[in-house]
Every structure is written in structure tokens, then in C-alpha cells.
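Here's the structure we're looking at; comments come further down.
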Amino acid sequence: MKHSLTLFFPSSKLSFMAPNSVAVTMEKPDNFSLLEINGSDPSSFPDNKRKSISPKQFSWFILLKAHRLVSSLSWLFASVKKRLAFSSKAINEEEDPKSRGKQMYRFIKACLVISIVALSIEIVAYYKNWNLDLVNRPSWEVRGLVEWSYVAWLSFRSDYIAPIVITLSKFCTVLFLIQSLDRLVLCLGCFWIKFKKIEPKLKDDELDLEDASNFPMVLIQIPMCNEREVYEQSIGAASQLDWPKDRILIQVLDDSDDPNLQLLIKEEVAAWAEKGVNIIYRHRLIRTGYKAGNLKSAMTCDYVKDYEFVTIFDADFTPSPDFLKKTIPHFKGNPELGLVQARWSFVNKDENLLTRLQNINLCFHFEVEQQVNGVFLNFFGFNGTAGVWRIKALEESGGWLERTTVEDMDIAVRAHLNGWKFIYLNDVEVTCELPESYEAYKKQQHRWHSGPMQLFRLCLPSIIKSKISVGKKANLIFLFFLLRKLILPFYSFTLFCIILPLTMFIPEAELPLWIICYVPIFISLLNILPSPKSFPFLIPYLLFENTMSITKFNAMISGLFQLGSAYEWVVTKKTGRSSESDLLAFAEKEEKLHRRNSESGLELLSKLKEQEMNLAVQETPKKSIGGLVRPSNKIKKRNMVFKKELGLAFLLLTAAARSFLSAHGLHFYFLLFQGLSFLVVGLDLIGEQIN
């Protein structure tokens, strides 16, 4: 069908003459134009069936969107209310009068109150169309108390608050750029190692596998404390190491305070001893010094002098049988070598979002930090486990000391000051497990970040007086301690969790986009490079790292100023993910104990049986590991509520609301999602899902 449309211009009146023509006449007939369109393409004309949305339909659309928003908010507030109600018995650390972070929580609450008051004033100003021009108005033109208060706030903000915030933000930005440059240099060093295929090489021939007398004497130490879920796997893995039986001794250093668990561990040791394994059980009556005290006590045994090397495995570490044959040969022909460190791998890295994010951090730590420092500096922090020490290096460096909660870093620094060299083997892996709950992970991170600051205070005079080169001293002080242990948590928390939300109420100090978006994303990409499968978690990783900054900052402050929480040692909770034992094996052990022990022992067994039955009832669906089906013993408990994280969540969401009023764009989205991430963590919704 052929269509024809004729338009006559000009006119101020419209008249419809025909379905396919519109005539328009104007008051000035001397000025008109004629436009005629002919064509057979129906697309040149609007669809006659298309109708405009009626006001009633638009109203229903708005109501539907509002209903969805209210439903989402209702779920959120219901979740908050439920967690707050359940937290009365699951008290977190801020509710304890002797707890850590009480001053920090008060500071966050003060910032939150100030931001809410400021947001209220800004909302009033927004709807009354006030602006910065009010500051320049004469006082007689300002009407009302609220308007006068707003003008006074603007003047006070620009004269006193903005200069302080701008100075602090510039200082934190400089620290941020320095730390980013350090990350970039580390990554370039890792790329160079990969490109040149640099790796530790043996200086002498390998061990003569036919002559057992050529194998050095090796002491294996397994320190543990109430490790019910994982003690079997570590003892079993150590007992199966491929090394001559007369050249190895396994010490099971049990600090457990549970008599039932002590009985089980003794039985496990006895079972392996019956198979010909040279293994002994040690239990301290006076449990002082935590892990350092346990290791120090074990090294005082008379038979230790017969051994040349000592290998340490935590209770959840399961080395492969050839671990010693891959590590010990590096000491041969290298008398200056004091430590060989292996890499960690994680059996539960894909268990939940929390373990995935931890895996990103630890992959960067081992693949980049440890490897680069080992190749170019022959020094790095001992990871506390999965490492082999030359006993002579331990003794000459002062042995294990109980003065900090990072005894591994302590002995590494002192050995470095005494001239001992370290080697890191990136291709030798020892499997272990990651904390699956945020509560366990938070306590672990607090210890890992408070201890280095304790150690820095204690070691600084020794570093300055030591005989090592000036370059090594500078690396220890400025890079190893200050930049990576102090500056990183300081600027991360101060810049992104305090200054950024406050700048929404202080536009004079607004941060540019490259600080809050471009550079952090680039650095996060560098961190994810060692674990390329984690690229889909780039944004969650960036948000979670900022969320963890409050814990790391609080730990850093407590360690630097020797606060009470700096000396806390909480054993990281394990789930036994890498254990391949089942309930049948446990029942057999129970039966042996039943035959061997007296009536008092039977009472202990009845209690033990009752506990295991409770665990079996409460267990979650079974997991398949290495082809075997194993029950996962997760004890049901209530989720925690973390007040500092919740306080920062509401602070950031308040700042996001202020940013929304000013149409800041990326600032708004960053504050919104960062606030939501704090909310998720504060309600313990990340990690192991428990009832």
C-alpha cells in the first residue's frame, strides 16, 4: 500500500482533514513550505497500534517498583532485627568490658552521628533550594533558624574542617601511591622470575637414595591445641613421609586442655608407633607462651642435639610423602642456608565466598611476595609451618621466644640479622585449610596484624645495631615493617572508610575518581594475577579488602601501642576439610580405648561417645574429598553481630545518600556497595553459613 503525507507550514492551528494528511495553516501565508513524503515503507510511519501509556498504567508501574523496593528493605531490616536479637547471647568482642576496639567503636559511632546530622541538614537544604551562595548573603537576608544554622555550618566547614580533611587526604593519598608502587614492583619482579625461569637450584648432587646413612637426621614437630577435627590428618601425613625410619623422629606437641581429646591423640600416636613409626607424644602441664612456648619446650629435650634439621607442621597441614626429599637437599653444600619454606595450598578454597577471597590474598603472598623476596633478598617472613629449619640457625638466633604472637616472624628476623639465608620453593606445596567463618578469619587477621607491630617495637634497636648492610636494614624497616605492616592498614581504613564518606559532606575535600576507582581496581587486578580463576571476584575482593581494613587497622594500633588485645592468641577454628577419616575408624578407636582403659577411662569414653553422637546429629551434608565421602562436622551455633562493621556500614550508606543528592555518580555507587559489603560482614552473612 502506498502512503502519502502532505504537510503545509506554517500555522498555529491544526485541523485533521484525512487519515493520511494533515493541513497546517499560519497567520502569515507569505512564509510557508511544502513537504511531501511518498513511499511504500510502512516503517516511515508510526505504528497505529502503538498507544501512549496512560496515567493509570504509569501509576501502577510506579506502585509495582515501590512495592519491590519496600519488600527488599523489609527483608533487610528483618535480617538486621533477627541478628541483633540473636546476638544477645552470641556476644561479640565489643560488648566485653575488657574487649579490644572499644575506643574505635565509639569513634565510628561519633562519625555516624555527625554524618546523620549533616545529612539531615543537607536534605532540608536540598528541598529548600539552598546553595553555597547563602554564605555570601547579608545576614538580614537569611530567614529562619534552620537556614541560619546551615549558613553557619557552611562557613565553619570551609574555614576549619575542610583544610584538615584535605591535608589528611593528601597524606593518605601519598601513602596509597607508595604502597601501590611497591605492589607494582613486586609484580614486575615476579614477571622477571617467570620470564628468566629463575628457581632455587641444588648446589650439590642429590641424596644417595640407596645409602640411608647419607640422610640427615630430621625432627618433625606438630604443635596443636584442641585440634579435634584435624589431629589425625597431620599425624598420619607426617608418619607417611618418605624418609628412613631411623633418621626421623615425630614429636606430637599437644597443648590440649580437654582430657578426652588428649586420650584420642595418645591413641593415634600409639597406633602409628605400633606400625614402626618413630613418634612420641608430649604434653605440657604448664601451658605458657602459646605456640612459641610449646616449640621452645620441645627443643629442650636431650635427644634434639642428635638432629640437624627440624620441620614444623601445624595440625591442619598434610605434607606429601616426598616433602623432605624436595626440601632437605637444598641444605647440602649450602652452609649459610637456615630455612627452606614451602608454599601453602588450600583444600577448601572454593568452599564459599570468604575462602575464595582469602585464596586471592594468599596466592599473591606466596606467588609474588615470598618468591620475589626469596630470589632477590634471600629473606622473607617464615610462615610458621611447612618449613624446614637448620637447628643451628635456630639456636644461634636465640631460639623460640614468647614475647609476641608472631613467633615465626620473630625468629625469621633474628636469623636474618645473624646472616642466615632463606630459600622459598614455590613448586613444593603443602595442603591445609582456610577459615570458613568470618569470626575465625577476623581473629586470625587480628593476630597476624598486631604481632608485627609488637615485633617492630622490639626489633628496631637490634636492626639498627646489626652488622647487615644498609640496604637490608632499609628493607626491613621501611618495606617489611612500615610499608606492608603499618602503612597499608592505616591508609586503607583512613582513606576509604573515614575520609571518603566525610568528603560527601565536605565538597571542598572531594576525592578524585582515580583514587577511589581506577588505581584500586588496577592494584586489585595485580593481586588477582596469581589466581586467574578468581577474576570474576574482582569487585567483591576490592570491597572485602576495604571491609577488612577496620580489623587490620585496629590490630595494628593495638600492637603498636601495646594494648591488651595485642597479646591475645586464639586458635583458628578448623573443620577437618582435608581429613579422610570417617566414623567407622573413630568407632574402632573407641573400641580399643574401651578395652585398654579402666573404669575411669570408660566414663571418659561415654562422654566422648555422647559428644561424637551430637556432632553426627548436627553434621551437614557429606563432602567428597579424594574419592572418599567424609562427614563435615559443623556445630550449629548462632551468627555473630560485629558492631564496628555495622557502624561503618551505616556511615557509608549515609554518605551514599548525601552523594545521591549531589549526583556524584561513581562516588555514590562506590559508597553504596561498600556500605552494603560492610553490612553483609557486620551481620555475619559471609563465609560459613550457620544457624
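Counting begins at 1 with the first residue of the sequence.
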Self-check item: Heavy-atom closest pair, residues Val388 and Ile328
Solution: CG1-CD1, 3.5 Å
Practice problem: Starting from the C-alpha separation in whole Å, work towards a yes-or-no answer on side-chain hydrogen bond (donor to acceptor under 3.5 Å, both in side chains) for Asn226 and Asp257. | Solution: CA-CA 7 Å; Asn226 298 324; Asp257 54 7; 3.1 Å; yes
Quiz prompt | Glu369 and Tyr424: side chain donor to acceptor below 3.5 Å | solution = no
Self-check item: Nearest atoms (heavy-atom pairs only) where Arg414 meets Gly399
Solution: NH2-O, 2.8 Å
Quiz item: Got a donor-acceptor contact below 3.5 angstrom from the Arg343 side chain to the Phe366 backbone?
Solution: no
Quiz item: Asn527 and Glu545: side-chain hydrogen bond (donor to acceptor under 3.5 Å, both in side chains), yes or no, with the steps?
Solution: CA-CA 11 Å; Asn527 291 344; Glu545 281 300 289; 6.0 Å; no
Quiz item: Ion pair present between Arg390 and Glu336, side-chain N to carboxylate O less than 4.0 angstrom?
Solution: no
Practice problem: Using a 4.5 Å cut-off on heavy atoms from C-beta on, say whether the side chain of His449 contacts that of Thr551. | Solution: no
Quiz item: Regarding Asn294 and Gln221, is there a side-chain donor-to-acceptor distance under 3.5 Å anywhere?
Solution: no
Quiz item: Given the side-chain rings of Phe331 and Trp389, with only the six-membered ring counted for Trp, is the space between their centroids under 6.0 Å?
Solution: no
Self-check item: Distance in Å, Ile312 CD1 paired with Thr385 OG1, rounded so as to fall on 0.5 Å steps
Solution: 7.5 Å
Quiz item: Ion pair present between Asp254 and Arg282, side-chain N to carboxylate O less than 4.0 angstrom?
Solution: no
Self-check item: Distance-only side-chain donor-acceptor flag, Asp258 / Ser256, under 3.5 Å
Solution: no
Self-check item: Centroid-centroid distance, Phe537 to Phe544, less than 6.0 Å
Solution: no
Quiz item: Rounded to the nearest 0.5 Å, how far does NZ of Lys291 lie from OG1 of Thr405?
Solution: 11.5 Å
Quiz item: Are the side chain of Asn348 and the backbone of Leu434 linked by a donor-acceptor contact shorter than 3.5 Å?
Solution: yes
Practice problem: Specify the closest pair of heavy atoms between Gln445 and Lys552, including all atoms of both residues, with the distance to one decimal. | Solution: OE1-CE, 3.7 Å
Self-check item: Lys/Arg N to Asp/Glu carboxylate O, Glu367 vs Lys194, below 4.0 Å
Solution: yes
